Amino acid sequence: MHRCSIITTRWLKPFYDELYQRLREEKVLHADETVLQVLDEPGKKAESKSYMWLYRTGRDSKTPIVLFDYQASRAKENPQKFLNGYQGYLHVDGYAAYESIQNVELAGCWAHARRKFDEALKALKGAPASADRTTVAKKGLNFCNRLFAIERKMKDKTPEERLEIRKNDSQPVLDAFLIWLKEQKEVVAPKTATGTAISYTLKQWPKLRTFMKDSRIEIDNNRAELSIKPFVIGRKAWLFAVSTRGATSSAIA
């Protein structure tokens, strides 16, 4: 483990640094984070949570880059430091830490909003007294599905064509969805699963609309989630990092 750490740092760190510089030159990025256990971390118990942050380029990048960044916490200072000086769009989920990054415009994840309505609908199915709430959850899910259906039609379109289709097809859906969300917020109990889905979508709305500004922006942050998945699967096998040096080396590797 120690020898591996030294070799990784010595031979791969220059490549990591070069990719880091190239990553920051992109105008569209994705970010995500997942937990990591580090046994020997100063000032923390062995069972405490640490984090592996992920940053990657967008779909239109000529040089796809995926970088991991080990940090001891999930604090907002971590993405602030990693993206210090970066200017552009950043795809994220609903985690508030990303909102503190300067000169970055956040693009929300419609997959997360859709998931809230899907979970609400599944929770309500089979409950005889919840027909009205089931209908509301299903309608919210349908709004999300319509937006994704429009995006699927644009798979082979040019950036200019994507933006035009969004303007003509997606914008009316967004307008109708926002009106509907505000109406439902007044009548649906906020602590129910459906109410939670409505509140979440309204709170995230400014970020959820960002994809309308630039055709390079995607409707969701699935690109980051798919990129971090191999690490999450691998973690089930090796479970933890022994030291902070090992965790850093894992991020570089």
Side-chain angles (χ1 to χ4, degrees), residues 8 12 16-17 19-20 22-24 26 28-59 61 64-86 88-116 119 200 203-204 207-208 210-211 217-253:
T8 298
L12 295 184
Y16 182 97
D17 292 342
L19 291 174
Y20 174 62
R22 294 190 184 190
L23 181 88
R24 290 160 55 84
E26 297 285 331
V28 178
L29 298 178
H30 294 253
D32 200 2
E33 76 285 336
T34 187
V35 295
L36 169 68
Q37 185 180 6
V38 180
L39 299 185
D40 186 15
E41 195 163 40
K44 296 178 66 175
K45 296 181 180 179
E47 62 271 21
S48 300
K49 290 181 180 179
S50 297
Y51 288 85
M52 193 67 81
W53 298 71
L54 175 138
Y55 304 89
R56 67 149 300 147
T57 52
R59 64 177 169 190
S61 173
I65 298 171
V66 179
L67 294 181
F68 286 84
D69 180 44
Y70 154 70
Q71 295 293 338
S73 73
R74 204 183 179 205
K76 63 183 180 181
E77 288 78 13
N78 296 318
Q80 285 177 353
K81 180 180 179 181
F82 193 91
L83 295 175
N84 182 38
Y86 171 74
Y89 295 105
L90 182 66
H91 292 80
V92 296
D93 54 22
Y95 185 39
Y98 295 108
E99 297 178 4
S100 63
I101 307 173
Q102 295 184 352
N103 302 316
V104 169
E105 184 161 5
L106 303 181
C109 180
W110 275 101
H112 277 73
R114 183 192 181 281
R115 197 174 301 153
K116 296 289 185 182
E119 291 171 352
Y200 174 87
K203 182 178 180 180
Q204 295 293 316
K207 294 191 283 290
L208 291 172
T210 304
F211 80 104
I217 304 170
E218 297 179 64
I219 197 173
D220 56 44
N221 195 32
N222 287 350
R223 193 169 297 273
E225 292 192 6
L226 289 173
S227 295
I228 209 169
K229 191 173 182 179
F231 180 87
V232 174
I233 294 174
R235 186 181 58 206
K236 294 180 180 179
W238 50 261
L239 302 178
F240 53 80
V242 174
S243 65
T244 57
R245 186 176 184 181
T248 300
S249 294
S250 294
I252 294 172

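The shown structure was predicted, so the numbers you read here are calculated from the model rather than taken from an experiment. We're numbering straight along the sequence, starting at 1.
- Between the side chain of Y20 and the main chain of F82, a donor-acceptor pair closer than 3.5 Å is present.
- At most 12 non-hydrogen atoms from other residues, nucleotides or ligands lie less than 6.0 angstrom from CZ of R22.
- Using a 4.5 Å cut-off on side-chain heavy atoms (C-beta onward), L83 and L29 make contact.
- In this structure, F211 CZ and Y89 OH are separated by 13.0 Å, a value rounded to the nearest 0.5 Å.
- Identified under the salt bridge (Lys or Arg N to Asp or Glu O under 4.0 Å) test for residues 89-115, with sequence neighbours left out: E99-K207, E105-K213, R115-E225.
- Note on ring orientation: taking the six-membered ring where Trp is involved, the planes of Y55 and W53 are parallel (angle under 30°, cut-offs 30° and 60°).
- In terms of heavy-atom proximity, S227 sits nearest to P230 at O-CD, 3.3 Å.
- Across all their heavy atoms, A31 and Y98 have their closest contact at CB-CE2, 3.7 Å.
- Using cut-offs of 30° and 60° on the angle between ring planes, the pair H91 and H30 is parallel.
- Considering CG of L208 and CG of D220, their distance stands at 11.0 Å, rounded to 0.5 Å.
- Heavy-atom minimum distance, A107 versus I217: CB-CG2, 3.6 Å.
- R56 places no side-chain N or O within donor-acceptor distance of the main-chain N or O of D32, the cut-off being under 3.5 Å.
- Counting only distance, with no hydrogens or angles, the side chain of Y86 and the backbone of E26 share a donor-acceptor pair below 3.5 Å.
- Note that CG of L19 and CD1 of I65 are 5.0 Å apart. Values are rounded to the nearest 0.5 Å.
- In this structure, K76 and S100 approach most closely via the heavy-atom pair CB-OG, 3.4 Å.
- R74 places no side-chain N or O within 3.5 Å of a backbone atom of V35 that could act as its donor or acceptor partner.
- In this structure, the separation between CD1 on I101 and CG on L106 is 6.5 Å, given to the nearest 0.5 Å.
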Mind running side-chain contact (heavy atoms from CB on, under 4.5 Å) on L54 and F68 for me, showing each step along the way?
CA-CA 5 Å; L54 175 138; F68 286 84; 3.5 Å; yes

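- Here the closest heavy-atom approach between residue S50 and residue Y70 is recorded as CB-CE1, 4.0 Å.
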